[in-house]
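Only heavy atoms go into these numbers, but all of them, side chains included; no hydrogens, no water, no symmetry mates. Computed from a predicted structure; not experimentally measured.
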Amino acid sequence: INPSLGKLAPADIRPAHVIACIEKIIAGGAPTTANDCRRIIRQILDYGVVTGIIEVNPAASIRAQHAGADETARTRALSLEEIRQLLVAMEEHRPTFGRDNELAVTLLLLLGVRKGELIGAGWTELDLDHGQWTIPGSRIKTRRKGKPADFSVPLPRQAVELFTELKVRAAGSEWVLPARRQGRRQ
């Protein structure tokens, strides 16, 4: 985003600039990243409107199909060998990858929850004594109509151990992964 739009004054950004930025990412073979960037650009420019920096968000009406970012769902799963390689690589690169990242990726593999569910987790959702994580329905990605129900995730012993380490590392934060929550706090 920054190389494409960073040097433009917010008032000078046009829909064509946003689409060109997204198309450059798609050309690199990353339609999912392109859609993420489209959403981020829109949020940044929405903030510009709210704060009075710009009058109209030039990305407000740009949808995935306008920019050609066609995502296709994947059904592929990691093989046991790929998981082994990932775990070894995380351990070997711990100084740069970080222990919190290693714990988070391991929990994602172990529990099969979505990244956003883990990133948004607060300690009030977890009952480590009983090995249970209750994800509020408001944080669950669902396509069902109505209010989504809370989702209960049983925690195996290994997950409880990982969460226990994260609790120490969180240093009293209300969040399981407080570094991930920095941008969301007001």
Hey, does [Y] have a side-chain heavy atom less than 4.5 Å from the side chain of [X]?
X      : Y      : result
Phe151 : Thr134 : no
Met90  : Val105 : yes
Arg38  : Ile62  : yes
Ile41  : Ile13  : no
Ser4   : Lys24  : yes
Gln132 : Val153 : no

For Glu92, enumerate each residue passing the side-chain hydrogen bond (donor to acceptor under 3.5 Å, both in side chains) test, keeping only those at least two apart in sequence or located in another chain.
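Listed in chain order: nothing, the list is empty.
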Which residues share a side-chain hydrogen bond (donor to acceptor under 3.5 Å, both in side chains) with Ser79, sequence neighbours left out
Glu82
Taking distance alone, no hydrogens or angles, what donor-acceptor pairs closer than 3.5 Å link side-chain atoms of residues 45-54 to residues at least two apart or in another chain?
unit_1 : atom_1 : unit_2 : atom_2 : d
Asp46  : OD1    : Asn57  : ND2    : 2.7
Thr51  : OG1    : Tyr47  : O      : 2.8
Thr51  : OG1    : Gly48  : O      : 3.4

With sequence neighbours excluded, what pairs up with Val160 under the side-chain contact (heavy atoms from CB on, under 4.5 Å) test?
Leu128, Leu155, Thr164
Any side-chain to backbone donor/acceptor pair from Glu117 onto Arg114? Under 3.5 Å, distance only.
yes
Strictly by salt bridge (Lys or Arg N to Asp or Glu O under 4.0 Å), give each pair with a member in residues 124-133 just once, sequence neighbours left out.
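Listed once each, the pairs are Glu125-Arg139.
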Write out all pairs satisfying ring pair (Phe, Tyr, Trp, His ring centres under 6.0 Å) with one or both partners inside residues 80-124, taking only residues at least two apart or from two chains.
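Found none.
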